[in-house]
> 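Can you keep this structure in mind? I'll have questions shortly.
So that the names make sense, note that chain A is the first sequence line, chain B the second, and so on, each numbered from 1.
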Amino acid sequence: MTVVQNVGIDDYKYGFHDSEENYAYKAKKGLNKEIVQEISVKMKNEPQWMTDFRMKSLEIFRSKPMPDWGSTEMLSDLDFENIHYYVRSAEKQGRNWEDVPEEIKKTFDRLGIPEAERKFLAGVTAQYESDVVYHSIREDLTKLGVIFTDMDTALREYPDLVKKYFGTIIPPTDNKFAALNSAVWSGGSFVWIPPGVKVEIPLQAYFRINTENMGQFERTLIIAEPGSSVHYIEGCTAPTYSSDSLHSAVVELIAMEGAKIRYTTIQNWSNNVYNLVTKRAYAYKNATVEWIDGNLGSKLTMKYPAVHLLGEGARGEILSIAMSSTNQHQDAGAKIIHAAPNTSSLITSKSISKNNGRGTYRGLIKILPGAINSKSHVVCDALILDESARSDTYPTMQVEEQEGVTVEHEATVSKVGEEQMFYLMSRGLTEVAAKTMIVNGFVEPFTKELPMEYAVELNRLIQMEMEGSVG
Amino acid sequence: MSEDFLVIEDLHVSVESKEILKGVNLRIGKGEVHALMGPNGSGKSTLSNAIMGHPKYRITQGSIYFKGENIVDMTPDEKARKGIFLAFQYPLSIPGVRIFSFLKNMMSAVHGKEISVAEFRKVLKEKMSLLGIKQSFIKRYLNDGFSGGEKKRNEILQMALFEPKLALLDETDSGLDVTALKVVCESINKIINPEMSTIIITHYKRMLEYVRPQFVHIIMDGRIVKSGGEELVEIIDSQGYDWLKQEALATSAL
């Protein structure tokens, strides 16, 4: 039976949770060598190199300090011993929708997943707790040689490809949460696009946390071979619980010469989820990588998608929105490293904060010596909806090459104006409807990059956030 | 005498604690077109903003009745749903909001029912061809980067879809060249009908040559100092406002 809980609190539509009585396995709370061993050997039967990788990552995690930026206060509340690091909801993965356990199926039905797949997706994976429970890909893509599977399956079926790239973009030593993910990772997607193959319609992954005090640590790796292109979309939700859950993913992208990857995220975590994610891409000669990153919900998000422009003519674009409301902190941003000549980057960050919510843009543009004729443009726009909300911008520029280099930064902070409100209200719109319209307009440069269905959904989520602010 | 649509009694309005309107009385009947004229700073725009309920324009005394109901304490959106429409002198731009979606939201809000996209498209197309507005217009962001003329035409398109009971046209002629003014005024004439009342707020005669008022009021220093017929427009045009000042002084000296 699906238990609907806390409906109405913050109007978070995905706040329901399912019964866990049929779960196959749930690790005890806490983190130690035995748990990591159990996940790797007993639950997943992994090759020795992966078990070693996990064990080493656990040590690195222990030795790394917590980040000293973002919200150190919220981070210090995070209790690593009060988390289930691995939860298996079903014995096996479904290839057919009918094979997915009834309760989980109901959840994804409610979230509209199979419907979306029928309508406009080339492939879907649905991850529930630690494992992918449903997976499918269109046959024509398989025939072209496209690999789209979950990371655990990939490790079994494509061990060489995985071993070659896994952890090479984001090593466990990168930061504390990358190390944690490396130790206890489970699920996530593996995508490999053969040379020259262009996947015209999006692949989607859907992530759902159900258990209280759950840690979800998916691991995604996308490799686009020369001249190929792919658009990958992920969406995330979780139930509303009184105590916290942790989502700490690692996403690695590799765009080979002339390849293009667009990675779109719409996350709408409930406001008790710590969302601490490391995302990084390598873009080689004339390759393009675009991060389209929408952050709603969560308690604390710390996420700075990065693109390393490693080959001449490579291009990186990061377009993000973050909406922070009551007791939420969105510390989001972007990083671009220009490491080759004639590279270009564009960062557009839009934050909306209300009701004591806090939005932070934290960004880095680095132009390395030799990256001549590189161009970077950063635009940060913040919209503040009331006096108690807060917005900060921390842009860092490190320019170590001068020849032909331009780096521009623009920042605006605006409040919803009385005159705009009067204008819209004089057209019959209520105060909430008028404000929602202004906010939707503010994020339009973001929503117009989304497939239509997602744009509609995002506008609806914003509307729910706005309505939650009244009364 | 026609049915009263708008009745204003002894209206006092302050902006940032400075009193701008000092006791305005006005009566507009159903189907009538009134012109409100006056020099800069006389309180013309204050009156329209106060009627619509701009939060900055504080009503300190007096009443505004619309179809018999005192609307002084209503919010702008409530007034809009009653059928009161203000064409802005300086329409605001709302970046990222497409005109199509804005107009559709406005229609649903003022007419109190959801309207389907197909149905809305049909009505919109009708009104746009009536007013001679190009289809590409509705894909643009609301007033964002618009010329003065485009903004004013957009206001009139909104008016056409709104189907007001009371339209307040606040200096719709300002910033328009002769050609643009003619187009806008022709559009207004197509919308005006015997079921609605109209107040044209203007400084000059030129708009009133196209949209002809039955009644003309002159406002000076926060009070209506003279009311009459269309002949007042000619007098203002040839003699300006100064003679009224003299007259007002003479009256108050009595």
> Nearest 0.5 Å please: distance from the CZ atom of B:Arg58 over to the CD atom of B:Glu19.
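Answer rounded to 0.5 Å: 10.0 Å.
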> I'd like to know which of A:Pro445, A:Ser426, A:Gly417 tops the heavy-atom pair count under 4.5 Å against chain B.
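The answer is A:Ser426.
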> Which one of B:Lys79, B:Glu78, B:Gln158 has the most heavy-atom pairs closer than 4.5 Å to chain A?
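Among B:Lys79, B:Glu78, B:Gln158, the one with the most close pairs to chain A is B:Gln158.
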> Could you look at A:Phe442 and say if it's the side chain, the backbone, both or neither that has a heavy atom under 4.5 Å from chain B?
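It is the backbone, since no side chain atom gets that close.
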> Answer yes or no: is there a donor N or O on one side and an acceptor on the other, between the side chain of A:Thr360 and the main chain of A:Asp331, under 3.5 Å?
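Not confirmed, A:Thr360 side chain does not pair with A:Asp331 backbone.
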> Name the option with the most non-hydrogen atom pairs under 4.5 Å to chain A; the candidates are B:Met107, B:Arg98, B:Glu155.
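Top option by heavy-atom pairs under 4.5 Å: B:Glu155.
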> With rounding to the nearest 0.5 Å, note down the distance linking CZ in B:Arg140 to OG in B:Ser93.
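OG of B:Ser93 is found 11.5 Å from CZ of B:Arg140.
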> Check the pair A:His231 / A:Glu200 against side chain to side chain contact (heavy atoms under 4.5 Å, CB included), numbers first and verdict last.
CA-CA 8 Å; A:His231 182 189; A:Glu200 305 288 353; over 6 Å; no
> Is it true that a side-chain atom of B:Lys22 and a backbone atom of B:His12 form a donor plus acceptor pair closer than 3.5 Å?
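Flag not set: sc B:Lys22 to bb B:His12 has no pair under 3.5 Å.
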> Checking heavy atoms, do the side chain of A:Glu418, its backbone, both or neither come under 4.5 Å from chain B?
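For A:Glu418, the side chain is the part near chain B, not the backbone.
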> Minimum heavy-atom separation for B:Lys44 and B:Leu36, please, with both atom names.
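Looking at all heavy atoms of both residues, the closest pair is CD-O, 3.9 Å.
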> Parallel, tilted or perpendicular, judged at 30° and 60°: which one describes the rings of A:Tyr361 and A:His409?
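Aromatic pair A:Tyr361/A:His409 classed tilted.
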> Is any residue of residues 110-133 of chain B within less than 4.5 Å of chain A by heavy atoms, and which ones?
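Heavy-atom contacts from residues 110-133 of chain B to chain A are B:Val110.
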> At a heavy-atom separation under 4.5 Å, does B:Asn49 approach chain A through its side chain, its backbone, both, or neither?
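For B:Asn49, heavy atoms of backbone and side chain both lie under 4.5 Å from chain A.
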> For B:Tyr141, is it the side chain, the backbone, both, or neither that has a heavy atom closer than 4.5 Å to a heavy atom of chain A?
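Side chain only.
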> Going by atom types only, do B:Lys152 and B:Ser174 share a side-chain donor-acceptor pair under 3.5 Å?
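Side chains of B:Lys152 and B:Ser174: pair found under 3.5 Å.
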> Partners of B:His54 by ring-ring contact (aromatic ring centres under 6.0 Å, His included), sequence neighbours excluded?
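Scan of B:His54 (ring-ring contact (aromatic ring centres under 6.0 Å, His included), adjacent residues dropped) gives A:Phe422, B:Tyr57.
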